[in-house]
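Take a look at the structure set out below.
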Amino acid sequence: MVDKAYRICPLCEATCGLELTLDGGGITAARGDRADVFSAGFICPKGAAIGQLDTDPDRLRRPMVRSGTQWREVGWDEAFAAVRNGLAGVFERYGRQAVATYLGNPNVHTIAGGLYAGALAKAVGSTQVYSASTVDQMPKHVSSGLLFGDPLAIPVPDLDRTDYLLMLGANPLESNGSLCTAPDFPGKLKALRRRGGRLVVVDPRRTRTAALADRHLPVRPGTDAYLLAGIVHTLFAEDLATPTGHVTGVDEVRELTADLSPETVSGVCGLPAEEIRTLARELAAAPTAAVYARIGTSTVEFGTLASWLVDVVNVLTGNLDRPGGAMFPLAPHRRRGSGTGRGFALGRWRSRVRGFPEVKGELPATALAEEITTPGDGQVRALITVAGNPVLSTPGGDRLEEALAGLDFMVSVDPYLNETTRHAHVILPPPPPGRSAHYDLAFADLAVRNTARYSPAPIPLAEGERDECEILAGLVMIVSGQDAAAAAAVDDLVIAGTLAKATADPSSPVYGRDPAELAKTLDGRTGSERRIDMMLRLGAYGDGFGARADGLTLARLIAEPHGVDLGPLQPRLPEVLRTPSGLIELCPAPLAADLDRLRAGLSSRQDGLVLVGRRHLRSNNSWLHNLPALARGTNRCTLHLHPSDATALGLGDGDTAKVRSRTGEVAVSVEITEDLMPGVVSLPHGWGHDRPGTRMRVAAAAPGVNVNLLTDPDAIDPLSGTAVLNGIPVEVAPAR
Ligand SMILES: Nc1nc2c(c(=O)[nH]1)N[C@H]1C(S)=C(S)[C@@H](COP(=O)(O)OP(=O)(O)OC[C@H]3O[C@@H](n4cnc5c(=O)[nH]c(N)nc54)[C@H](O)[C@@H]3O)O[C@H]1N2
Ligand SMILES: Nc1nc2c(c(=O)[nH]1)N[C@H]1C(S)=C(S)[C@@H](COP(=O)(O)OP(=O)(O)OC[C@H]3O[C@@H](n4cnc5c(=O)[nH]c(N)nc54)[C@H](O)[C@@H]3O)O[C@H]1N2
Ligand code: SF4
Ligand SMILES: [Mo]
C-alpha cells in the first residue's frame, strides 16, 4: 500500500519538512514538503536519500556484543545486562569518576539526545564529560553565556528582513547553515540580494556562498578576531556606535580596542585597512544589518574572541534584537524569562591531566585520549559514546584509537560499526529516522522564524528494534543502579519535577494547580511524547493546560503535520537575559583578558602554508559516506591547492601530495583550484574509512584520509576548550 507521511529531516540544522512515500513498509521516496510552514518544499540530496539510512545493509539492527574481534547479535536484555556488568565492574573498582561520556553531533538532531543524553552524563556522576561541542560551537556558548548570562541564548541573523549580512567562516550553500536554522538558506541569500540588500562573505576560500555575494574577502585563516576588532575600533573612532539598549561595558570595549586599528590588524588578516573601515561604515549605515559567523571563526585559535566580537558589532550598530538584525528566537517549548539570573560560570573544575577548565559541564574533546591513557587516581577506564565518532572527528584520532583499545569497558549507542564503535564491547543501535518521532529541541532555539512542528514516527518499529529514547532512558537507569526495563520512571520523575516547579511559580499559567492532576492530562503514547506535550503546554505559545484555548499542545501539532507558523522573530530584550545585572555585559573580564593573547599574536604570527577544512553538500561529518546515493560522483576527499602554490611545490592536478603537520602526515590526491587563496590548503573532515574491523563497505571503498591526524590535540582556544581545526601550519610536498 502506498502512503504519504511527513517528517522533519534530522540530517542537518536546516530542519526541512520531508514528504515521504511509504510503500510496503519502507520509505521509497522523499521530497520536500511544499506545505511545510518553515521549509516550503526545500530539500537537498541528503534529505532525498533518507530512505537509504534504513535499507543500508551495513546498518546495525540488533544490539551487538564483542569478545575479542568477534561480534555477536544479542537481544536487548542480554545487551543491557552486559552494559550493567561492564559499568558496574568499573564503578566498583575505580569509582564513578572512571567513566567518561562522549556525546556526538546527532544528539542535537534526535528527541532522545535532547531529552536523555545530558541526563545520562549527569547520572554517571563523573566530570569526564565530552561532546562534539568542543570541536564546534562551544566558543559561541561561552560568548553568549558571558554576554547574556545564558549559553543557549544565541542571536541569529534575521535573514528574511536584513538589509546587510556580513558572513564569516560559513558556507551555507554546502552546509545549509549552522547556529542559524533556515531551510533554503541559499534561497534566502538570493532573496536578500533581490530586495536590494547586500551580502559580504569573509572566507579564505571562494566558496559557492562567496560566489553569490556582493563582495568576497579572503581572510588569512584564524584571524577573524583581528578583523572584527578592527571593525569595533572603527565604529568608535568614527563615532558610528549607536548601541542597543540594556547594555553595560560599552566604554570598556572602546578602551580595550583603542590600539586595534584597521592599520594594526590589516597585516595579520591579509586585508587592506580601508576594506576593514568600509565594512564598519557599511554596517553602521545600513538600515538593518547582521554579522553572522560560523565554524571557520569558531574552531580557531581565537574562537571565543571572534564569537564575542560578532555580537559586540551587532550591539554597537544597534542591530542586536531588532528586526533585520541579529535576534533571539523563542522556541515553542520555551518560556519567556525574567530578565535576570545567576550568569555564567567557567572553570568550575579542571581536567585531571592537563588542568583544562570545565566549560558548560564539559571538558575539551581533545583531552579525552590523555585522560584514558594517563595512569593515576581518576583515570578513565570506561566510556559511553552516544552518536559520536571522535576517532575521525577530533584531533589526534590515532592517539584516541589507541586509548579506546585499552579501555576496560565501552558501550556505544550508534547504528554503525565504525572507526570509534569498533572499540566498544556493546553497541546499542537506534532505529532509523523513518521509525523515530521528531521534534527539534535544539534547533527551534536557533531558527530564523518561530514555528512549531512535530513528526510522529512515520513507520512503526520493526521487530527487535527499540526506540532511542528507551535505549537512553535504559542506560540512565543502569548507571543509577536500577532496572533498564523500568525506564519509564525517568520520564515520570522529570514530569513530576517540572510540574511541581511550574505550579509553584507565580508567573506560570498553572500557578496554584495540582501537579498530579496536570500530569494525568498529558497526551502521548510514550514518556518522551508526554514530556514534549508538557513543554509545549507550559511554553510561550502553549495552552497553559487550559488557560489559553488556542494554545499549542502535542495533539494540535500532530493534527497539523506541516507545522504551525508562529511568525517572524520578535524583540526579546531584556526578558531573554540571565545576567545578574539584567543587562548585556558587553565586556566580560575573561574576554577582556583574552585580548592580551590577541595582541601578543600580532607580532608572533608566522608565514607558511596553513590548512583549513571544508564541507560538501552530499556529505555529513563522518557518517553519511555509506549511502550509495551520496557516495556517487568524484572523489571529495582531495587537497585543494592554489595554482601558484602548486607550481611552487611542483604538484599537478591529480598528483599525490604528502601533507605533514606537527602531529601527523597523510598522503592525498591534489585538486588545483583558483578558489583558494594562496598560502592556504584545504581538506574536508570525516574521512579515513580504511580502519580494520569496521562495517561500512560503501565508505571503505572510497576511504579518503583523516584530516584529524594533522590537527593538533594540543592546540585549543583556551576559554572554550575548543579544538583549533582551521589555520593548521602544514608542509606539503609531492609524494614520491
Ligand atoms: N553537507 C554538509 N552539511 C553540514 C555538515 C556536513 O558535514 N556536510 N556538517 C554540519 C555541521 S556539524 C556543522 S557544525 C555545520 C557547519 O556549517 P558551516 O559553518 O557553514 O561550515 P562549512 O561549510 O565548513 O564552512 C566553513 C567555512 O569557513 C571557512 N574557513 C576556514 N577557516 C576560516 C577562517 O579562519 N576564517 C574564516 N572567515 N573562514 C574560514 C572554510 O573555508 C569554509 O568555507 O554544517 C552542518 N551541515
Ligand atoms: N578537522 C575537522 N574536524 C571536525 C570538523 C571540522 O570542520 N574539521 N567539524 C567538527 C564538527 S562541527 C562536528 S559537529 C563534529 C562531529 O563529531 P561527531 O559527532 O563525533 O561525529 P559524526 O561524524 O557526526 O558522527 C556521528 C555518529 O552518530 C551516529 N549516528 C547517526 N545517527 C544517529 C542516531 O540517530 N542516533 C545515534 N545514537 N547515533 C547516530 C553515526 O553513525 C556516527 O557514528 O566533527 C568535528 N570535527
Ligand atoms: S538541507 Fe538539511 S534538513 Fe534539509 S533536506 Fe538537506 S540535510 Fe535535510
Ligand atoms: Mo558541527
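What you see below is based on every heavy atom in this structure, not just the backbone, and it leaves out hydrogens, waters and symmetry mates. Computed from a predicted model, the values in this text were never measured in an experiment. Whatever order the structure lists them in is the order used to number ligands and atoms, beginning at 1.
Among protein heavy atoms, atom 1 (S) of ligand 3 sits closest to Asn176 ND2, 3.3 Å. Nearest protein neighbour of atom 46 (C) of ligand 1, counting heavy atoms only, is Ser175 O, 3.9 Å. Looking only at protein heavy atoms, the nearest one to atom 13 (C) of ligand 2 is Asn621 ND2, 4.1 Å. Looking at atom 3 (N) of ligand 2, its nearest protein heavy atom turns out to be Asn708 ND2, 3.1 Å. Scanning the protein for heavy atoms near atom 8 (Fe) of ligand 3, the closest one is Cys9 SG, 2.3 Å. In this structure, the protein non-hydrogen atom closest to atom 23 (O) of ligand 1 is Asn171 CB, 3.4 Å. When hydrogens are left out, the protein atom nearest atom 19 (O) of ligand 2 is Asn105 N, 2.6 Å; that is the closest non-hydrogen contact. The protein atom (non-hydrogen) at minimum distance from atom 22 (P) of ligand 2 is Ser622 OG, 3.7 Å.
For ligand 2, the polar-atom distance check finds no N/O of Asp136 at less than 3.5 Å from any of the ligand's N/O atoms. Ligand 1 has a nitrogen or oxygen under 3.5 angstrom from a nitrogen or oxygen of Gly296. An N or O contact shorter than 3.5 Å is missing between Ala132 and ligand 2 by distance. Residue Asp203 places at least one N or O, backbone or side chain, under 3.5 Å from an N or O of ligand 1.
Counting heavy atoms closer than 4.0 Å to ligand 3, residue Ile50 contributes nothing at all.
Residue contacts with ligand 2 do not include Gly686, since none of its heavy atoms lies under 4.0 Å from the ligand. Every heavy atom of Gln137 sits 4.0 Å or more from the atoms of ligand 2.
Checking each of Arg208, Arg205, Arg615 against Glu174 for a salt bridge (charged side-chain N to carboxylate O under 4.0 Å, His left out) leaves exactly one that passes, namely Arg208.
With ligand atoms numbered from 1 in the order given, ligand 2 contributes 1 (N) to contacts under 4.0 Å with heavy atoms of Val707. Proximity to Gly104 (heavy-atom distance under 4.0 Å) selects the following atoms of ligand 2: 19 (O). For ligand 2, the atoms closer than 4.0 angstrom to any heavy atom of Pro106 are 24 (O), 26 (C), 28 (O), 30 (N), 31 (C), 32 (N), 33 (C). Against a heavy-atom cut-off of under 4.0 Å, Leu11 is close to the following atoms of ligand 3: 7 (S).
Ion pairing of Asp54 with Arg61 is present here, as a side-chain N (NZ or NE/NH1/NH2) and a carboxylate O approach within less than 4.0 Å.
Under 2.8 Å from atom 2 (Fe) of ligand 3 lies no N/O/S atom of Cys44, from backbone or side chain alike.
Remark: among candidates Ile295, Thr110, Ile728, the nearest residue to atom 35 (O) of ligand 2 is Thr110, based on non-hydrogen atoms.
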